[in-house]
Q: 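Just passing along the structure, written as structure tokens.
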Amino acid sequence: MRKVYMDNGATSYPKAPGVGEAMADYILNVGCNIGRGGYSEAYDAAALVLETREQVNRLVNGPGARNVIFTPGSTHSLNYLIKGLLRPGDKVVTSPMEHNSVLRPLTQLEAEGVEVAYFPCNDKGELLLDQAGALITADTAAVILTHASNVCGTVMPLAQVGELCRARGVPFLVDASQTAGAVEIDMAAMHIDGIGFPGHKGLLGPQGIGLMVLTDELARRLTPLVSGGTGSFSHELTVPEVLPDRFEAGTLNLPGVYGLHAALSFLEQEGAPLREREHQIACRLWEKFKALEPRGIRVVGTDNLDMHTGVVSIHFLHADDGEMAFRLEQEFGIDTRCGLHCAPLAHKALGTFPQGTVRFSIGPFTTEEEVDYTVDAVAKLLAETQGE
């Protein structure tokens, strides 16, 4: 049976060319640490780490290479931002479209006295911007917003929200887990103070490596959640003040950094055409699923395809979503993700709670033929459920 991978929203596959080879090269031929050795191999590895920071900074138009922090993943990045900034008595504004990597830290902090408010969203996952401004007041400690929903692919108006935050002096934090590498990000133009994202999704790199990029002002306000050896300022028992050392205690995941460097090198060469192609493929999938709606599915998310990622979720109206996802894999070899996607409030906003949806998430290497095959498979299942 053929295999069609439609779960790039969870992790990209295949990875960018050269990722596996770069990681193997580090393990087989480099092997040393950085900041802990005074020899040429360690200096060469440190140079590649710096190059990778520069690549990431260019990708998001960040404040500088030293403001790029390596983390174990996007969830860690967001926890560092959220828990490092907020204190009991603070007010924070977010949206119901967030992933649990934002909602669970906020729920923990809410129990400690942080007030959490939510932007209104409609049943397409679109933020109601005309009502959002009233929630962002001068006493707001932070606004935290996903760049795009991992459930339905709806892209949020970051630039407009960032403008509101900047006008009121409120730090703006962004979860770019579903967009980094796939959708253009400009921290300066969008007035983003802190952003977190993984290496293993749109960046086409390996799991276990994530990024946090933050402004100098936000860095001064964040409390490091992890402290320890940094290979620098070893005569001091306090956490270093300088970036990136302040937030990078312990040994970096250097195999991950090497793989990420290879992925980012590929994206710097091919990124714009890849993003355009991915958008076209996503539109094809969305439009073909929309054509099947009269036969018994609902396509969730925005109708504005210019504000849509490669995530397309559907709900089977006359069949169990879990059963349909299972049959797609067993009978057609199509890998999807079914359920609530770690975003329960998003499903409540979309009207798909508690059953969830079947999520199809394409990547830059998904083909038109794979899209057509997938839609045909769904059509066959619908014909069976409707007794056609």
Side-chain angles (χ1 to χ4, degrees), residues 5 8-35 40-74 77 147 176-188 195-214 243-244 248 251-279 281 309-310 362-367:
Y5 187 73
N8 287 273
T11 193
S12 59
Y13 181 79
K15 302 301 181 183
V19 168
E21 292 83 351
M23 298 176 73
D25 178 59
Y26 169 79
I27 292 170
L28 296 174
N29 301 314
V30 182
C32 64
N33 213 332
I34 64 169
S40 60
E41 292 88 351
Y43 296 141
D44 290 343
L48 184 136
V49 170
L50 176 57
E51 287 177 11
T52 309
R53 295 190 203 274
E54 292 170 341
Q55 290 174 314
V56 173
N57 190 64
R58 288 194 295 270
L59 178 78
V60 299
N61 191 25
R66 67 184 183 86
N67 299 70
V68 174
I69 314 298
F70 292 110
T71 72
S74 187
S77 299
H147 192 182
S177 297
Q178 290 293 319
T179 56
V183 178
E184 187 173 352
I185 298 171
D186 188 323
M187 288 185 65
I195 189 169
F197 49 94
H200 69 96
K201 296 189 182 185
L203 297 188
L204 307 179
Q207 288 98 329
I209 188 80
L211 290 309
M212 176 174 70
V213 188
L214 63 169
L243 296 177
E248 282 187 355
T251 297
L252 289 182
N253 173 8
L254 288 177
V257 175
Y258 270 66
L260 182 63
H261 180 272
L264 289 167
S265 298
F266 173 75
L267 287 177
E268 286 191 321
Q269 292 183 339
E270 307 290 342
L274 278 178
R275 286 193 295 270
E276 177 59 30
R277 181 181 176 279
E278 182 174 338
H279 178 68
I281 294 291
T309 66
I362 62 100
F365 304 118
T366 305
T367 66

Q: Is Lys15 reaching over with its side chain to a backbone N or O of His200, donor-acceptor style, under 3.5 angstrom?
A: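 Looks like yes, one N/O pair under 3.5 Å.
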
Q: Compile the donor-acceptor pairs under 3.5 Å between side chains in residues 66-73 and protein atoms, sequence neighbours left out, one pair per line.
A:
residue : atom : partner : partner atom : Å
Arg66   : NH2  : Asp216  : OD1          : 3.1
Arg66   : NH2  : Asp216  : OD2          : 3.0
Asn67   : ND2  : Leu214  : O            : 2.9
Asn67   : ND2  : Asp216  : OD1          : 2.9
Thr71   : OG1  : Gly73   : N            : 3.2
Thr71   : OG1  : Gly73   : O            : 2.9
Thr71   : OG1  : Ser77   : OG           : 2.8

Q: Hey, can you pull the donor-acceptor pairs under 3.5 Å for the side chains in residues 262-271, sequence neighbours left out?
A:
residue : atom : partner : partner atom : Å
Ser265  : OG   : Gln55   : NE2          : 3.0
Ser265  : OG   : His261  : O            : 2.8
Glu268  : OE1  : Arg58   : NH2          : 3.4
Glu268  : OE2  : Arg58   : NE           : 2.9
Glu268  : OE2  : Arg58   : NH2          : 2.9

Q: Is there a side-chain contact between Ile185 and His147 (heavy atoms, below 4.5 Å)?
A: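 With C-beta onward as the side chain, the pair touches.
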
Q: Is there side-chain contact between Met187 and Ile195, with at least one heavy-atom pair below 4.5 Å?
A: yes

Q: Ser177: which residues meet the side chain to side chain donor-acceptor pair (under 3.5 Å) condition with it, sequence neighbours left out?
A: Ser74, Asp175

Q: With heavy-atom distances below 4.5 Å as the criterion, would you say the side chains of Val183 and Arg275 are in contact?
A: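 When only atoms from C-beta onward are counted, Arg275 and Val183 do not touch, as no gap falls below 4.5 Å.
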
Q: How close do Tyr258 and Tyr26 get, heavy atom to heavy atom, and via which atoms?
A: CE1-CD1, 3.6 Å

Q: Do Ile281 and Pro364 have side chains that get closer than 4.5 Å, going by heavy atoms?
A: no

Q: Enter the distance from Thr52:OG1 to Ile209:CD1 here, rounded to the nearest 0.5 Å.
A: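 Rounded to the nearest 0.5 Å, the OG1-CD1 separation comes out at 8.5 Å.
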
Q: For Tyr43, which residues count as a ring-ring contact (aromatic ring centres under 6.0 Å, His included) partner, sequence neighbours excluded?
A: none

Q: Counting N and O atoms only, with roles assigned by atom type, does the side chain of Glu278 sit under 3.5 Å from a partner on the main chain of Gly310, one being a donor and the other an acceptor?
A: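 No; zero donor-acceptor contacts below 3.5 Å.
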
Q: Could you report the tightest heavy-atom contact between Val213 and Gly62, atom names first, then the distance?
A: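 Scanning both residues completely, I find the closest heavy atoms to be CG1-CA, 4.5 Å.
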
Q: As a quick check of understanding, evaluate side chain to side chain contact (heavy atoms under 4.5 Å, CB included) for Asn8 and Lys201, giving each step before the final call.
A: CA-CA 7 Å; Asn8 287 273; Lys201 296 189 182 185; over 6 Å; no

Q: List in chain and number order the residues that pass ring-ring contact (aromatic ring centres under 6.0 Å, His included) with Phe365, two or more places apart in sequence or in another chain; answer none if no residue qualifies.
A: none

Q: Is any side-chain heavy atom of Leu254 less than 4.5 Å from a side-chain heavy atom of Val30?
A: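 The answer is no, as the side chains (C-beta and beyond) never meet within the 4.5 Å cut-off.
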
Q: For the atom pair OG1 (Thr366) and OH (Tyr5), what is the distance rounded to the nearest 0.5 Å?
A: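 Those atoms lie 10.0 Å apart.
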
Q: Exactly one of Leu203, Val49, Asn253 should register a side chain to side chain contact (heavy atoms under 4.5 Å, CB included) with Leu260. Which one does?
A: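 Passing option: Leu203.
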
Q: Could you pull out the closest heavy-atom pair between Ile27 and Pro255, with the gap in Å?
A: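 So the two residues come closest at CG1-CG, 4.2 Å.
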
Q: So which pairs with a foot in residues 43-56 pass salt bridge (charged side-chain N to carboxylate O under 4.0 Å, His left out), sequence neighbours left out?
A: Arg53-Glu248

Q: Supply the atom-to-atom distance Ile34 CD1 to Glu41 CD, rounded to the nearest 0.5 angstrom.
A: 14.0 Å

Q: Taking side chain as C-beta onward, heavy atoms only, is Leu204 less than 4.5 Å from Val19?
A: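 When only atoms from C-beta onward are counted, Val19 and Leu204 do not touch, as no gap falls below 4.5 Å.
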
